[in-house]
**Q** 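Questions regarding the structure given below will be posed in turn.
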Number of protein chains: 2
Amino acid sequence: MLQISKKVEYGLIAIRHMALQTGGCCTTAKEISDRYQIPFTLLAKVMQSLSRSGLIIPRQGVYGGYILTKSPANIKISDVINAIERVPQVALMQCETETEDSCTISHHCTIKSPLLKIQQTINNAFQTMTLQEILY
Amino acid sequence: MLQISKKVEYGLIAIRHMALQTGGCCTTAKEISDRYQIPFTLLAKVMQSLSRSGLIIPRQGVYGGYILTKSPANIKISDVINAIERVPQVALMQCETETEDSCTISHHCTIKSPLLKIQQTINNAFQTMTLQEILY
DNA sequence: TGAAATCGGACTATTTAAGTCGTAGTTTAA
DNA sequence: TTAAACTACGACTTAAATAGTCCGATTTCA
């Protein structure tokens, strides 16, 4: 529990790698998977997620790859998480991800709102920290 | 991801419930499971975990139940989490829970230590917040 | 045209979470 | 002393999420 998934981990590694690239146009998924020993097909999926969210731009064909669209300082950790994870927001309590009446104990559960404080703290941490901070 | 598990949720509810009890000696698992519609057998397991960690004391037999050993202000959220979850500390990166050489990318992985900052923030949130804060 | 790249969906396997079941042990009151 | 009302504990099942694979298609460029 409370662990970052492999996909997010791979995504962070990939974007960090791209941010450190100086010359050249594109970074390929293969390049990253080789460098960090990440399963290629899985990384490819992650890259697709990052593309869909606009963090990177894909370029197909020979000499293709991916291009980082922002500077590391402008990419929040939460951007990467949200691009990859299925649950859009960083939800701490499961209640938060469901409709009110789908929670069978919603009328009993009295710990929701207080725990939101913790969630807020975590959300804040991910939204405050940028890729810049994990470069070196 | 980054969600508190049902077990921890149930544990928090249970301890909070006990803290709010004024009279009487013991609170039974059945009482709590009825009140909050929590599966009894599962809650019983959670209570056992809480017992083993010393947060509550079990009392068997008729009129048995559990007794809270500390005041809510002296119970940290992390106490409850650690009592219930298998991973002792709130680990953010999976690397942290494994030995160095079991991580196949440890010599490539360069994002570990920076992300520890986030983990520290989360740890801190759970260690700072007490049960007192979720009573009302 | 062919090699090298992404794209996307379906698929499988593994792991974790959630919940159940059965049996044993303890205490107390009638 | 026996039945009721509890906890204790491990094995088990089920459900869901994660991790990873596979394949056919598309794009690009030499």
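Here is the naming used below: chain letters follow the sequence lines, and residue numbers restart at 1 for every chain.
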**Q** Is A:Ile67 reachable from A:Ile75 through a run of hydrophobic residues whose side-chain heavy atoms are each under 4.5 Å from the next?
**A**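 They do not share one cluster, since no chain of ILVMFWY contacts under 4.5 Å joins A:Ile75 to A:Ile67.
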**Q** Rounded to the Å, how far apart are A:Leu42 CG and D:dT18 P?
**A**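 Atom CG in A:Leu42 sits about 13 Å away from atom P in D:dT18.
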**Q** Among all residues two or more places apart in sequence or in another chain, which pass the side-chain contact (heavy atoms from CB on, under 4.5 Å) test with B:Ala44?
**A**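 B:Ala44 satisfies side-chain contact (heavy atoms from CB on, under 4.5 Å) with no other residue.
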**Q** So if I take every side-chain heavy atom of B:Glu85 and compare against D:dG20, C:dA17, C:dT20, which nucleotide ends up nearest?
**A**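 Closest nucleotide to the B:Glu85 side chain: C:dA17.
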**Q** Can a donor-acceptor pair be found, under 3.5 Å and without considering hydrogens, that links the side chain of B:Thr28 to the backbone of B:Gly64?
**A**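 Answer holds: no.
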**Q** For a side chain to side chain contact (heavy atoms under 4.5 Å, CB included) check, start with the C-alpha distance between A:Tyr36 and A:His17, then their side-chain angles and the critical distance, and finish with the verdict.
**A** CA-CA 10 Å; A:Tyr36 301 97; A:His17 178 85; 2.9 Å; yes
**Q** What residues join A:Val62 in its hydrophobic cluster, counting side-chain heavy atom gaps under 4.5 Å, either direct or through other members?
**A**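 Noted: A:Val62 shares its cluster with A:Tyr63.
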**Q** Mind calculating the distance between CD1 (B:Ile84) and P (C:dT16) to the nearest angstrom?
**A**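 Roughly 18 Å, once rounded to whole Å.
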**Q** Between B:Lys30 (NZ) and D:dA4 (C1'), how many Å, whole number?
**A**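 The distance from NZ of B:Lys30 to C1' of D:dA4 comes to 14 Å, rounded to the nearest Å.
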**Q** Going by heavy atoms closer than 4.0 Å, what residues in residues 44-58 of chain B are next to DNA chain D?
**A**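 Hits under 4.0 Å, by residue number: B:Lys45, B:Gln48, B:Arg52, B:Pro58.
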**Q** NA contact type, A:Thr28, heavy-atom cut-off 4.0 Å: base, sugar-phosphate, or nothing?
**A**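 Since only primed, P, OP1 and OP2 atoms lie under 4.0 Å of A:Thr28, the category is sugar-phosphate.
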**Q** Roughly, in whole Å, what's the span from CZ in B:Phe40 to P in D:dA8?
**A**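 The distance from CZ of B:Phe40 to P of D:dA8 comes to 10 Å, rounded to the nearest Å.
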**Q** Start with the C-alpha gap between A:Glu133 and A:Ile77, add the side-chain angles, then the distance that decides, and say whether side chain to side chain contact (heavy atoms under 4.5 Å, CB included) holds.
**A** CA-CA 10 Å; A:Glu133 299 178 53; A:Ile77 302 292; over 6 Å; no
**Q** Check for a donor-acceptor pair, side chain of A:Gln127 on one end and backbone N or O of A:Asn124 on the other, with a separation under 3.5 Å.
**A**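 No, because the side chain of A:Gln127 does not come within donor-acceptor range (under 3.5 Å) of the backbone of A:Asn124.
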**Q** Does anything in residues 49-61 of chain A form a side-chain hydrogen bond (donor to acceptor under 3.5 Å, both in side chains)? List the pairs, not counting sequence neighbours.
**A**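 Found none.
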**Q** Counting side-chain heavy atoms from C-beta on, which of D:dT7, C:dG19, C:dA5 comes nearest to B:Lys6?
**A**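 Nearest listed nucleotide: C:dG19.
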**Q** Could you state the OH-P distance from B:Tyr10 to C:dA18, rounded to the nearest angstrom?
**A**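 That distance rounds to 8 Å.
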**Q** Could you pull out all residues at least two apart from B:Thr128 that satisfy side chain to side chain donor-acceptor pair (under 3.5 Å)?
**A**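 Once residues adjacent in sequence are excluded, B:Thr128 has no partner under the side chain to side chain donor-acceptor pair (under 3.5 Å) criterion.
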**Q** Treating primed atoms plus P, OP1 and OP2 as sugar-phosphate and everything else as base, which nucleotides of nucleotides 25-30 of chain C get B, S or - for protein heavy atoms under 4.0 Å?
**A** BBBBS-
**Q** Between atom CG in A:Asp34 and atom P in C:dA4, what is the gap in whole Å?
**A**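 So the CG-P distance, A:Asp34 to C:dA4, works out to 14 Å.
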**Q** Quick one: A:Ile67 CD1 to C:dT6 P, roughly how many Å, whole number?
**A**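 The answer, rounded to whole Å, is 12 Å.
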